[in-house]
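Everything below concerns the one structure shown next.
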Amino acid sequence: MINRLKHLKDIKDKIDIINLEMEFINNEYVGLSAPPYSKEPTTGGVANKCPLLSKMIKYDIKLENYKNDLEELKKEYLDERNRMMILIDCLEGDEYRVIYYRYIQCMSINEIRDKMFIGRNTFYRWRDNAIAKLEDQN
């Protein structure tokens, strides 16, 4: 069970990384502009003659690949998230909240502790109890 919960968090982390990569590329892309049009014939393709255009094409390809990866990961995340929501529905109160915040909302342990006004030991005790209950159900 813990592996499935961690897998869900890993998917979310990958989505966040891809979003950051796409944001970086978009920020780099903003400063680029296409070379002026020239009527002179070129050989070997325009991209070979213009490193800036070559860079823009690479950015476009990267962005398209990231968009495809992002779509797949989001679908996988939502499917897994829905399965996990059904599984953790058997938990109650604080144990439910700890698992929900940590693995569904992907909050850090410190964020959860602050939100719930609990100490580290309490967090781990509730989390471990919740995971044991979930494993008993499976």
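Hydrogens, waters and symmetry mates are skipped; everything else that's a heavy atom, side chains included, is used.
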Please walk me through it: do Arg127 and Ile109 pass side chain to side chain contact (heavy atoms under 4.5 Å, CB included)?
CA-CA 10 Å; Arg127 187 202 64 176; Ile109 294 168; 5.7 Å; no
In Å and rounded to the nearest 0.5 Å, what is the [atom1] to [atom2] distance from [X] to [Y]?
{"X": "Leu63", "Y": "Ile18", "atom1": "CG", "atom2": "CD1", "result": "11.5 Å"}
{"X": "Leu8", "Y": "Asn3", "atom1": "CG", "atom2": "CG", "result": "12.5 Å"}
{"X": "Asn129", "Y": "Tyr124", "atom1": "CG", "atom2": "OH", "result": "14.5 Å"}
{"X": "Tyr77", "Y": "Asp79", "atom1": "OH", "atom2": "CG", "result": "12.0 Å"}
{"X": "Leu5", "Y": "Ile99", "atom1": "CG", "atom2": "CD1", "result": "6.0 Å"}
{"X": "Arg4", "Y": "Glu80", "atom1": "CZ", "atom2": "CD", "result": "5.0 Å"}

With a 6.0 Å cut-off (strictly less than), is the heavy-atom count around CG of Asn82, excluding the residue itself, greater than 12?
yes
Heavy-atom side-chain proximity of [X] to [Y] below 4.5 angstrom:
{"X": "Leu87", "Y": "Met84", "value": "yes"}
{"X": "Met116", "Y": "Thr122", "value": "no"}
{"X": "Asn27", "Y": "Glu23", "value": "yes"}

If we check side chain to side chain contact (heavy atoms under 4.5 Å, CB included) with Arg102, which of these qualifies: Glu111, Arg97, Lys9?
Lys9
Considering all heavy atoms, the nearest Trp126-Val98 contact
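Nearest pair, atom of Trp126 first, then Val98: CE3-CG2, 3.8 Å.
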Closest approach of Gly119 to Arg113 (non-hydrogen atoms, all atoms of both residues)
C-NE, 3.5 Å
If the threshold is 4.0 Å, N to carboxylate O, is there a salt bridge linking Glu71 and Lys74?
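Lys74 and Glu71: not salt-bridged.
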Can you tell whether the side chains of Asp10 and Lys14 come within less than 4.0 Å, N to carboxylate O?
no
